[in-house]
Amino acid sequence: MLLLSAAISTWAIIAVIVVASTAGDVLTARTMKSVGDLDEIRARSGLLGAARAVVTSKTFLCGVFFMAVGFFSLLTALSWADVSLVAPAAASLTFVTNAIAAQFFLNENVDQRRWIAALLVFAGVALLAR
Amino acid sequence: MTASETQQISGSATAHHHVHSMSFIRYVLLALIILGSTYGDVYLAKGMKQIGGISLGRWHDLLFAPFNPYVALGIVLLMIFYISYLASLSWADLSYIMPATTFGYVLTALAAHFMLGEHVSVTRWMGIIMITAGVGFITGGPSLTITPTPEGVSPHLEVHS
């Protein structure tokens with residue numbers, strides 16, 4: 001019984017990591033896309049100009065907030081369970097939710113190849129969970 | 001790596017998209033993303049194993065976790081990862097960069113076994129390998145969603161030239 005509830009709380013905190021990291025990734029990716037190619041900005045206004053273009057964006061700050069939530073959840077998960085379970089599970093599920101979010105919020109072209117990869121990831125995570 | 005090899009790499013990547021060519025520095029960034037996230041996680045885990053299980057009633061113990069040297073090292077590595085990751089996002093799709101990093105899971109499992117003494121079961125290995133294989137599907141694809149160029153080059157024929 002104790003083991004079961006430990007497993008449930010581990011997967012619950014992994015779910016929190018996944019949701020928070022996805023929000024963080026989408027918001028930062030959105031910032032970087034609107035900013036454009038950093039090499040070009042650096043050529044125009046220097047390294048500081050490039051940094052300022054990123055850091056002063058509200059979207060970016062929101063992204064950082066969600067990444068912080070994800071980070072402290074990750075620390076909690078790592079204090080409860082093996083890193084060889086937590087790291088692949090959290091990151092790969094984040095990859096799948098990112099692919100979905102990228103299609104809806106960033107208008108990236110998520111082709112069939114990426115969806116097949118997502119299915120394999122789910123199967124892999126199911127194996128991790130056993 | 002010789003100059004001609006670098007040329008070849010950037011050459012085959014340019015076949016995908018003419019504007020955003022893949023240069024040597026971008027492969028270095030990709031390596032920093034993979035190694036930073038892998039070893040970052042492993043050192044965080046090492047530190048958190050020292051600190052012990054966080055109970056939700058004492059969640060504020062987490063705020064002191066970064067003062068553990070291993071957690072601090074993990075954070076530095078993850079910052080290297082994150083900066084490389086952000087820089088890469090300005091020239092490639094999120095759904096391309098994320099999967100490229102999953103190769104690091106194999107490294108994470110190896111490091112967890114050899115550095116932390118975790119028992120990585122056969123099913124867990126199978127899961128990790130399946131995830132990495134699934135993600136391998138992606139890396140042959142174009143790295144950035146762009147509108148087709150007037151020249152109309154077929155990217156898939158030139159991927160592994």
Side-chain angles (χ1 to χ4, degrees), chain A residues 6 9 25-26 28-29 31-33 35-41 50 54 60 67 71-72 74-80 82-92 94-95 98-99 101-103 106-111 113-114 116-130, chain B residues 20 37-38 41-42 44-49 51-54 56 59 62-63 65-66 71 75 78 82 85-87 89-91 93-96 98-99 101-102 104-105 108-109 111-113 116 118-121 123-124 126-138 140-142 145:
Chain A
S9 40
D25 282 340
V26 168
T28 47
T31 311
M32 298 314 282
K33 286 208 166 177
V35 163
D37 197 319
L38 276 186
D39 295 338
E40 287 165 24
I41 297 181
V54 173
F60 179 79
M67 287 191 154
F71 176 72
F72 283 107
L74 174 68
L75 284 186
T76 308
L78 288 176
S79 81
W80 292 346
D82 282 353
V83 65
S84 56
L85 166 69
V86 173
S92 65
T94 303
F95 155 59
N98 270 341
Q103 182 156 47
L106 301 174
N107 297 320
E108 286 181 9
N109 179 21
V110 183
D111 60 13
R113 187 195 277 256
R114 289 179 188 180
I116 293 170
L119 286 179
L120 277 168
V121 165
F122 274 130
V125 172
L127 283 176
L128 286 185
R130 283 165 62 95
Chain B
H20 298 262
S37 64
T38 298
D41 281 344
V42 168
L44 283 189
K46 192 173 172 127
M48 292 315 288
K49 273 177 207 228
I51 290 170
I54 298 286
L56 290 181
W59 63 270
L62 275 179
L63 300 178
V71 174
I75 291 174
L78 286 176
Y82 184 62
Y85 171 76
L86 271 191
L89 280 182
S90 71
W91 53 266
D93 275 356
L94 177 60
S95 41
Y96 171 83
M98 273 301 295
T101 66
T102 50
Y105 302 157
T108 304
H113 177 73
L116 306 177
E118 283 184 9
H119 172 67
V120 184
S121 67
T123 30
R124 191 172 287 179
M126 282 167 58
I128 291 167
I129 289 166
M130 189 173 282
I131 290 170
T132 309
V135 161
F137 263 115
I138 309 291
T145 306

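Numbered from 1 within each chain, the chains take letters A, B, ... in sequence-line order.
Counting heavy atoms from C-beta outward, A:L74 and B:D41 have side chains that approach closer than 4.5 Å. Between A:T28 and B:Y82 the shortest side-chain heavy-atom distance falls below 4.5 Å. Looking only at side-chain heavy atoms (C-beta outward), B:I75 and A:F71 come within less than 4.5 Å of each other. Here the side chains of B:I54 and A:F72 are not in contact, with every heavy-atom distance at 4.5 Å or above.
Residues A:S79 and B:M48 share a closest heavy-atom pair of CB-CE, 3.7 Å. Nearest heavy atoms, B:A109 versus A:S84: CA-CB, 4.3 Å. Residues A:P88 and B:I128 share a closest heavy-atom pair of CG-CG1, 4.2 Å. Residues B:L62 and A:T76 share a closest heavy-atom pair of CD1-OG1, 3.2 Å. Across all their heavy atoms, B:K49 and A:D82 have their closest contact at NZ-OD1, 3.7 Å. Between A:V83 and B:E118, the shortest heavy-atom distance links the atoms N-OE2, 2.8 Å.
Contact of B:I129 with chain A is not made at all, since no heavy-atom distance falls under 4.5 Å. Of the two parts of B:H113, neither the backbone nor the side chain holds a non-hydrogen atom closer than 4.5 Å to a non-hydrogen atom of chain A.
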**Asked** Run the side chain to side chain contact (heavy atoms under 4.5 Å, CB included) check on A:L75 and B:I51 step by step: do they pass?
**Response** CA-CA 10 Å; A:L75 284 186; B:I51 290 170; over 6 Å; no
